[in-house]
Amino acid sequence: MDITHILDGLNDAQRDAVSGTEKAALILAGAGSGKTRVLVHRVAWLIQVENVSPYAILAVTFTNKAAGEMRERVQQMQQSPVGGMWIGTFHGIAHRLLRMHAQQLGLPDAFQVLDSDDQFRMIKRLLKSMNVDDSRWPPRQVQWYINAQKDEGRRAKHIAPSSDHFEQKMQDIYAEYERGCIRSGLVDFAELLLRAHELLRDNDEIRQHYQQRFKHVLVDEFQDTNTIQYAWLRLLTEESENLYVVGDDDQSIYGWRGAKIENIHRFQKDYPAHKLVKLEQNYRSTSTILKAANALIVNNDGRMGKELWTDGEEGEPISLYSGFNDQDEARFVVDRIRDWASKGHARAEAAILYRSNAQSRLFEEYLMAAGVPYRVYGGQRFFERLEIKNALAYLQLATHHENDAAFERIVNTPTRGLGTRTLDIIRGSARAEQISLWQAAVQLCQGDELTGRASNALSGFLNLIKQISSEMAAGNLHEQVEQAIVRSGLIEFHKKEKGEKGEARVENLEELVNAARQFSYQANEDDSLSELDAFLANAALEAGEAQGDESEDCVQLMTLHSAKGLEFPLVFMTGVEEGLFPSQRSVDDVAKLEEERRLAYVGITRAMQQLYITYAESRRLHGQENYPMPSRFIREIPSELMQEVRLGTKVSRPVVNAHAATSGLQKKAEGGFKMGQRVSHGKFGEGVVLNHEGSGAQARVQVNFAAVGSKWLMLAYAKLDKL
DNA sequence: TAATCAGCTTTTTTT
DNA sequence: AAGCTGATTA
């Protein structure tokens, strides 16, 4: 067997990782160290060298993009087809398992996937019907609570009753939510994972079947796994112990979403015979950039320990720019990008990274003004658009009458005279009798509880859905979709909307028909769905691209989070200020602060050739002027790696003391109350000056008092003593 | 039912 | 600042 093509072109560590014979393996893959390459070559190694059948391999990723890329590259390396191999996202694979074993799980065959928007709406309705005070239990928070429980593998019935009223109410809502989902045949994202776990845990035969089938399980981005995902992997591999995980503890940035970086440590305990390989050679960035990244990340505790290096060039120093304000920062960045493009580089090689989405606006304004094309990542996805979700709801309700989420969404869209009163009656009746909204509506139409007008409107709606339903028996997928859209009246509804919005929505609906035409799905031996159900599931599990036109040469704008996994020759890491990055909510919690630092690490390591770090001395945030300090992360980068770019001149000088010289703390308010000044007030006690505005008799300062919180005080009246 | 207004909140995001 | 919600009004 000629194995040279599998190992050729790999460095020693990569070869070690690809060809390991130990059962389990933990590959700590630093940024830009060829992680995907190792995974793909490992699969090839298993199949071609160890003669493992593709049928016995399961490869799991987090995003559809990563799964698609991996499938493509595996197929490229493989001379023979790899049809039997499972490659997919955690959620995609869980969905597949649930479909195949719906009966054992007590799920309806045609259960529907609830995306987070559906889930949110469902929770809102639930709170209303339970008469819960949604200012004490805001739907967002309830949603967060439920998902967090599920991510930890906890069912409502498993949670011990609480003496705390707030907590207990959360539990009650969770229990009620579960009942509602079951009644309507709905499964949310977290539920997919939870059910997949329970399936293996509670069914010996099924567990053994998959344990025997998947002799090799490979996981990408392992540091992002949550509790339930890890438990599932554990069940699947407890026999074979062949769990091959690739990840980077330094790039764990999803802790706030339930990812457990501790899983890496648990892995080391649970798979004692594992092989550990560190991939530290970086093929992406200059050594200057890597030195900066290394110096920053050593400030975190409890790391697995890794140091990136390259045999490439030292490259340019990192440029540090201190904007006079946020607009100046944006202007500077856009100027640099025009420079870059004028030297013949592609605009698409430049990326502007920021901590929060709100920051994109200014950059967009300045890019637009300068006529530089750009693309913002992370907007709304195609299948998440309102008009698309409405159209899909028609399809869902037509095929699955019990789907309450779909019923609620379209019962009065387009408006057909079914107001709050009628709907409350339907909801009340459904709730009282524990039946679906559809069934309740059918009963009410026959009874005499409704006024004639409401009854007419409602039966009109029911008949419309039935009609769409019967028409859908025939025709292929795109005809079914088109038929439903036309019948629903959604096109006319959106055409009536004023402005370009309605037009765009009509276009999107037409695009949906197109998407259906292009959708291809073959039911295979262990996985059969109607084409329509497959299309609907796909819409929920893969929401599509945020923006369509990738063709043009565009500057790339995105949050630091969405930049993970990408690389750009020219990177601007912007808004690097205390309170913004690290965000205000992270500064007094070590764990959160370390996650912010990892985010900065991710940002720095996106850059291939040139990295700019920018911050503003003054920034408008939530409509208020702020004077932030430069981020502590700047201080953690050795100054010899940076040069400060000065405004207006081409001369740049080394960074000497960027922090003291440019700190917002230096700005003085009226009366000498600068920010950060500790003061004492006769009534409120001691505090710290946070902000100031106005001058003369109008001068005010904002003081955060230890005892009473923050207050705005007029300097002319308040007696403040400096401490 | 639609339109308008005051009040409130404000990271990060995939599935 | 901006977007969303709830309430009020036409």
Side-chain angles (χ1 to χ4, degrees), chain A residues 60-67 88-95 113-120 124 128 134-135 138-141 143-144 147 150-151 187-194 196 220-221 224-226 228-229 252-259 326 353-362 365 377-381 383-384 412-422 453 457 496-498 537-546 558-565 575 579-587 592 595-596 598-600 602-603 619-626:
Chain A
V60 199
T61 65
F62 275 87
T63 65
N64 290 299
K65 195 172 152 214
T89 62
F90 276 101
H91 293 85
I93 284 165
H95 184 242
V113 179
L114 214 56
D115 73 14
S116 33
D117 178 56
D118 298 330
Q119 184 188 37
F120 181 73
K124 263 177 83 169
K128 206 163 264 170
D134 62 1
S135 61
R140 278 267 163 251
Q141 214 178 321
Q143 181 180 31
W144 193 86
N147 289 335
K150 291 189 178 191
D151 285 347
V187 172
D188 62 46
F189 289 139
E191 183 78 14
L192 286 169
L193 302 175
L194 187 50
D220 190 18
E221 304 277 17
D224 288 338
T225 50
N226 63 27
I228 197 75
Q229 285 161 337
S252 161
I253 54 174
Y254 287 108
W256 51 276
R257 213 170 70 188
D326 43 0
L353 309 183
Y354 36 79
R355 177 68 239 271
S356 74
N357 282 308
Q359 288 167 257
S360 77
R361 213 197 76 232
L362 261 189
E365 275 174 23
Y377 282 75
Q380 218 190 11
R381 315 290 215 67
F383 285 108
E384 287 169 355
N412 198 33
T413 308
T415 47
R416 49 175 69 85
L418 288 164
T420 340
R421 272 172 309 115
T422 318
R453 189 139 53 108
K496 268 188 286 185
E497 272 181 305
K498 46 181 182 257
N538 182 262
L541 288 170
E542 194 163 353
E545 277 295 312
M558 68 191 80
T559 63
L560 286 147
H561 280 88
S562 35
K564 191 170 88 156
L580 189 60
F581 188 24
S583 95
Q584 196 55 53
R585 297 179 174 206
S586 305
V587 288
K592 286 184 184 161
E595 184 154 309
E596 297 276 323
R598 292 194 289 269
L599 195 53
V602 166
R619 176 179 301 275
R620 239 185 139 69
L621 212 59
H622 313 317
Q624 254 211 345
E625 212 66 39
N626 290 76

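Below, read A as the first sequence line, B as the second, and so on, with proteins coming before strands; counting in each chain starts at 1.
- In this structure, the side chains of A/Glu221 and A/Thr61 stay at 4.5 Å or more apart for every pair of heavy atoms.
- Remark: the A/Arg585 side chain and the B/dT11 base include no donor-acceptor N/O pair separated by less than 3.5 Å.
- Nearest nucleotide to the A/Thr559 side chain, out of B/dT13, C/dA1, B/dT15: B/dT13.
- Per the geometry, CD belonging to A/Gln141 stands 14 Å off P belonging to B/dT11, to the nearest Å.
- A/Gln119 places its CD atom 16 Å from the P atom of B/dT14, with the value rounded to the nearest Å.
- Looking at heavy-atom distances under 4.0 Å, A/Tyr254 makes contact with sugar-phosphate atoms alone, never a base.
- Phosphate contact (OP1/OP2 of B/dT9, side-chain N/O of A/Arg140, threshold under 4.0 Å): absent.
- Heavy atoms of A/Leu353 sit nowhere under 4.0 angstrom from any nucleic acid atom.
- Checking B/dT12, B/dT15, C/dA1 against the side-chain heavy atoms of A/Phe189 singles out B/dT15 as nearest.
- Counting heavy atoms from C-beta outward, A/Lys150 and A/Leu193 have side chains that stay 4.5 Å or more apart.
- Following rounding to the nearest Å, A/Asn626 (CG) and B/dT10 (P) show an atom-to-atom distance of 16 Å.
- A/Lys564 comes within contact range of no nucleotide atom at all, as no heavy-atom separation falls under 4.0 Å.
- Atoms CZ (A/Arg361) and P (C/dA1) sit 9 Å apart, rounded to a whole Å.
- Between A/His561 and A/Trp256, the ring planes are perpendicular. Angles over 60° get that label, and only those under 30° would be called parallel.
- When distances are taken from the side chain of A/Lys124 to each of C/dT5, B/dT11, B/dT15, the shortest belongs to C/dT5.
- Using a 4.5 Å heavy-atom cutoff, the side chains of A/Leu114 and A/Glu191 are not in contact.
- At a threshold of 4.0 angstrom between heavy atoms, the contacts of A/Asn64 are confined to the sugar-phosphate backbone, with no base atom among them.
- A/Thr63 comes within 4.0 angstrom of the backbone, heavy atoms only, and of no base.
- A salt bridge between A/Asp224 and A/Lys564 is present, with a side-chain N of the basic residue lying under 4.0 Å from a carboxylate O of the acidic one.
- As rounded to whole Å, 16 Å separates atom C1' of B/dT12 from atom CG of A/Asn147.
- Taking the side chain of A/Trp256 as heavy atoms from C-beta on, and the options B/dT11, B/dT15, B/dT12, the nearest nucleotide is B/dT12.
- Heavy atoms from other residues, nucleotides or ligands lying under 6.0 Å from CH2 of A/Trp144 number 12 at most.
- A/Ser586 comes within contact range of no nucleotide atom at all, as no heavy-atom separation falls under 4.0 Å.
- For A/His622, whose side chain is taken as the heavy atoms from C-beta onward, the closest listed nucleotide among B/dT13, C/dA1, B/dT11 is C/dA1.
- The nearest heavy atom of DNA chain B to A/Glu542 and to A/Ser583 marks one nucleotide each, and the one closer to the 5' end goes with A/Ser583.
- Between A/His91 atom NE2 and B/dT13 atom C1' the separation is 12 Å, expressed in whole Å.
- A salt bridge is absent between A/Glu595 and A/Lys592: the closest approach of a Lys/Arg side-chain nitrogen to an acidic carboxylate oxygen does not fall below 4.0 angstrom.
- Comparing atom distances between the A/Glu596 side chain and each of B/dT11, C/dA1, B/dT14 picks out B/dT11 as nearest.
- If you take CD of A/Glu595 and C1' of B/dT12, they are 9 Å apart, rounded to a whole angstrom.
- Among the protein residues, A/Asn357 comes within range of the sugar-phosphate backbone only, with heavy atoms under 4.0 Å from sugar or phosphate atoms but none that close to a base.
- Note on A/Asn412: only backbone sugar-phosphate atoms sit closer than 4.0 angstrom, heavy atoms only; bases stay farther off.
- Straight-line distance from the CD1 atom of A/Ile93 to the C1' atom of B/dT14: 15 Å, rounded to whole Å.
- Ranking B/dT14, B/dT15, C/dA1 by closeness to the A/Arg257 side chain, first place goes to B/dT14.
- Of the candidate nucleotides B/dT11, B/dT14, B/dT1, B/dT1 has the atom lying nearest to any side-chain atom of A/Thr415.
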